[in-house]
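Atoms considered below: every heavy atom in the structure, side chains included; atoms not considered: hydrogens, waters and symmetry mates.
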Amino acid sequence: MSAWPTPDYSRNMRLIGHSDQGGRPDGVQLMVHRGYAYIGHMVSQGFSVVDVRDPKNPKTVAYIPAPPGTWNVHLQAHDDLLLVINARDLFADARFADEKVYYTRSVGETVSDVLDQGWSAGLRVFDISTPDKPREISFLSLNGIGIHRIWYVGGRWAYVSALIEGFRDYIFLTIDLADPRRPEVAGRWWLPGMNQAAGETPDWPEGKRYALHHAIIAGDTAYGSWRDGGLTILDVKDRTAPKLIAHRNWSPPFGGGTHTALPLPDRDLLVVLDEAVLDNQADGEKLIWLFDIREPSNPVSIATFPQPDETDYVAKGAHFGPHNLHENRPGSFVSSTLIFATYQNAGVRAYDITNPYRPVETGALVPAAPQRMMDTRPGRPRIIQSCDVFVDAQGIIYSTDYNGGLSVIEYLG
């Protein structure tokens, strides 16, 4: 226990386990499934498998490398399938050494050599019937930069954000997994102005990036987060032809970066998180919003979540602000009143939204600074940047960091 890094701050949460993920402490998205954590890497490429059946003693059991030059930052696990994105490792590209370039310009505009594919773009599908031994069974190849993120909770359909040939940035694709050994693109949707090959021209301001981060699907509705393009609600009853129900964008005046839209269908609510993407709040104040979606064609913002204020996190450096939400996946902890989020240099946060007009923070844990830096971009500060959060069915919290490894946390609220 003495080897665990002591958190900088905790309230109603305590650290109960930690892992350096087999010497690859850089983590982005994680899935905890059947007692194993599947963790995509930002710098190490590939992904790791960590045995968390005893959450106090996580043990790394496998590392699956990515093809050269390829990111596996995001993944999804359900039943016997693990879906892993393949995309160009953009942070290894010198053109993105200044992260502002990544977040304020279309990727297609910055990387015009998309046909010169020295990387793998598409979707890897693994059989995880033996959880610690993922076995690749198929690959869906795409032309372009590749896929950024996936939503898959079983059944026939997966949903991805992908930058494919002819588009300025990531758009919405539906993937048919009727036969997981032969995945196929079934439908697609994008915001007007994104289809460069069709002659569309963007009407958004310079310095803004319209790109789908990902969509979460509830029933036949997809809730999409488009970075500086805001929120879309799509009818996906016909998976081959998604249709727009509503589009809302609050950037400007707010700073954009819309990252995650989490529906709470039993309450007709939607939690929408804007990601902080630049150091020292250079991209403006970012918030977690609560929308009333009783009328899907007219989503209305009714509240924002309180921001961490026990110290001056802007002055702390690096990114301060929301990054990700626990997404209520089947088989995980599911609640429409208790919401978990990562807040980058302010760690992991829990919120009670029993009263939707007055969200209340009920717990927090800020991990210690990373012991070493994995992020190879120049000048990155050695400060915690809590990235993803997953809460298992027993209520144990798992959180990744770009440099600081896997934190296993117990919620005491």
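Put simply, the side chain of Ser335 gets close to the backbone of Thr337: a donor and an acceptor are under 3.5 Å apart. Not a single donor-acceptor pair under 3.5 Å links the side chain of Tyr223 to the backbone N or O of Thr260. Ser120 contributes no side-chain N or O that, together with a main-chain N or O of Pro67, makes up a donor-acceptor pair within less than 3.5 Å. When atom types are taken as modelled, the side chain of His214 and the backbone of His259 share a donor-acceptor pair closer than 3.5 angstrom. Within the 3.5 Å criterion, the main-chain N or O of Ile339 finds no donor-acceptor partner in the side chain of His326. With Ser297 contributing its side chain and Ile245 its backbone, the two residues share no donor-acceptor pair below 3.5 Å. A donor-acceptor pair under 3.5 Å is absent between the side-chain atoms of Gln29 and the main chain of His74, judged by distance alone. A donor-acceptor pair is defined here as one N or O able to donate and one able to accept, closer than 3.5 Å; such a pair exists between the side chain of Ser251 and the backbone of Phe254. No donor-acceptor pair closer than 3.5 Å links the side chain of Asn403 to the backbone N or O of Asp26. At distances below 3.5 Å, not a single donor-acceptor pair connects side-chain atoms of Thr232 with backbone N or O atoms of His247.
For the 3.5 Å distance criterion, the side chains of Asp388 and Thr400 fail to qualify, holding no donor opposite an acceptor. The closest side-chain donor-acceptor pair between Gln307 and Glu361, if any, does not fall under 3.5 angstrom. For the residue pair Ser48 / His41, a side-chain donor-acceptor distance below 3.5 Å is found, with atom types taken as modelled. A side-chain donor from one of Gln76 and Arg329 sits under 3.5 Å from a side-chain acceptor of the other. Residues Asp89 and Gln45 have side chains that bring a donor and an acceptor to within less than 3.5 angstrom of each other. Residues Lys208 and Thr104 bring no donor and acceptor atom of their side chains to less than 3.5 Å of each other.
Partners of Tyr313 according to the ring-ring contact (aromatic ring centres under 6.0 Å, His included) rule, which considers only residues two or more places apart in sequence or in another chain, are Phe320. Contacts of Tyr103 classified as ring-ring contact (aromatic ring centres under 6.0 Å, His included), with partners at least two apart in sequence or in another chain: none. Under the rule for a ring-ring contact (aromatic ring centres under 6.0 Å, His included), the partners of Tyr210 that lie at least two apart in sequence or sit in another chain are Trp204. The salt bridge (Lys or Arg N to Asp or Glu O under 4.0 Å) search around Asp203 returns none, not counting sequence neighbours.
Here salt bridge (charged side-chain N to carboxylate O under 4.0 Å, His left out) pairs that include residues 232-251, with residues two or more places apart or in two chains, are Asp220-Arg239. Identified under the ring-ring contact (aromatic ring centres under 6.0 Å, His included) test for residues 168-190, with sequence neighbours left out: His148-Tyr170, Phe167-Trp190, Trp189-Trp226.
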side-chain contact (heavy atoms from CB on, under 4.5 Å) assessment of Leu140 paired with Ile175
CA-CA 9 Å; Leu140 170 64; Ile175 307 296; 3.7 Å; yes
Trp157 and Leu177: side-chain contact (heavy atoms from CB on, under 4.5 Å), yes or no, with the steps?
CA-CA 6 Å; Trp157 302 103; Leu177 289 169; over 6 Å; no
Which is it for Asp132 and Tyr36 under the side-chain contact (heavy atoms from CB on, under 4.5 Å) test, yes or no, and what are the steps along the way?
CA-CA 7 Å; Asp132 59 341; Tyr36 290 83; 3.7 Å; yes
side-chain contact (heavy atoms from CB on, under 4.5 Å), that's the test. Do Val28 and Asn72 meet it? Break it down for me.
CA-CA 9 Å; Val28 186; Asn72 286 164; over 6 Å; no
Quick one, Asp375 with Arg377, criterion salt bridge (charged side-chain N to carboxylate O under 4.0 Å, His left out). Give me CA distance, side-chain angles, the key distance, then yes/no.
CA-CA 6 Å; Asp375 192 339; Arg377 293 172 295 169; 2.6 Å; yes
Checking Asp54 against Lys59 for the salt bridge (charged side-chain N to carboxylate O under 4.0 Å, His left out) test, could you report, in this order, the C-alpha distance in whole Å, the side-chain angles of both residues, the deciding distance, and whether it holds?
CA-CA 9 Å; Asp54 177 359; Lys59 298 176 182 177; over 6 Å; no
Begin with the C-alpha distance, continue with both residues' side-chain angles, and end with the deciding distance and a verdict on salt bridge (charged side-chain N to carboxylate O under 4.0 Å, His left out) for Asp228 and Arg209.
CA-CA 5 Å; Asp228 300 336; Arg209 182 182 170 204; over 6 Å; no
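Val271 is not listed as a side-chain neighbour of Trp289, based on a closest heavy-atom distance of 4.5 Å or more. Proximity of Asn328 to Leu264: side-chain heavy atoms (C-beta onward) are separated by under 4.5 Å at one or more points.
A salt bridge links Arg380 with Asp279; the closest basic N to acidic carboxylate O contact falls under 4.0 Å. Using a cutoff of 4.0 Å between basic side-chain nitrogens and carboxylate oxygens, Glu206 and Arg105 are not scored as salt-bridged. Using a 4.0 Å cut-off between a side-chain N of Lys or Arg and a carboxylate O of Asp or Glu, Glu275 and Arg227 qualify as a salt bridge. Ion pairing of Arg181 with Asp179 is absent here, as no side-chain N (NZ or NE/NH1/NH2) approaches a carboxylate O to less than 4.0 Å.
Closest of all the heavy-atom pairs between Phe47 and Gly40 is CB-CA, 4.0 Å. Nearest heavy atoms, Ile150 versus Leu83: CD1-O, 3.5 Å. Heavy-atom minimum distance, Pro263 versus Ile216: CD-CG2, 3.6 Å. Between Thr376 and Val43, the shortest heavy-atom contact is CG2-CG1, 4.1 Å. Between Leu163 and Arg168 the shortest heavy-atom distance is CD1-O, 4.2 Å. Shortest non-hydrogen contact noted between Leu269 and Pro356 is CD1-CB, 4.0 Å.
Put simply, OG on Ser407 and CE on Met13 are 11.5 Å apart, with the number rounded to the nearest 0.5 Å. To the nearest 0.5 Å, the span separating OH on Tyr152 from CD1 on Ile217 amounts to 13.0 Å. The CG atom of Asp352 sits 12.0 Å away from the CZ atom of Arg358 when rounded to the nearest 0.5 Å. To the nearest 0.5 Å, the span separating OG1 on Thr342 from CD1 on Ile384 amounts to 11.0 Å. The distance from the NE2 atom of His78 to the CD1 atom of Ile128 is 10.0 Å, given to the nearest 0.5 Å. Distance check: Met42 CE to Leu90 CG gives 11.5 Å after rounding to the nearest 0.5 Å.
The 12-atom threshold is exceeded at CZ of Arg34, counting heavy atoms of other residues, nucleotides or ligands nearer than 6.0 Å.
The distance between the ring centers of His323 and Tyr343 does not fall below 6.0 angstrom. For Tyr411 and Phe333, the gap between ring centers reaches or exceeds 6.0 Å. In summary, the aromatic rings of Trp119 and Trp71 are positioned with their centroids too far apart to meet the 6.0 Å limit. In summary, the aromatic rings of Phe305 and Tyr351 are positioned with their centroids under 6.0 Å apart.
Annotation: cation-pi geometry not satisfied between Arg349 and Phe340 (NZ/CZ under 6.0 angstrom from ring centroid, within 45° of ring axis).
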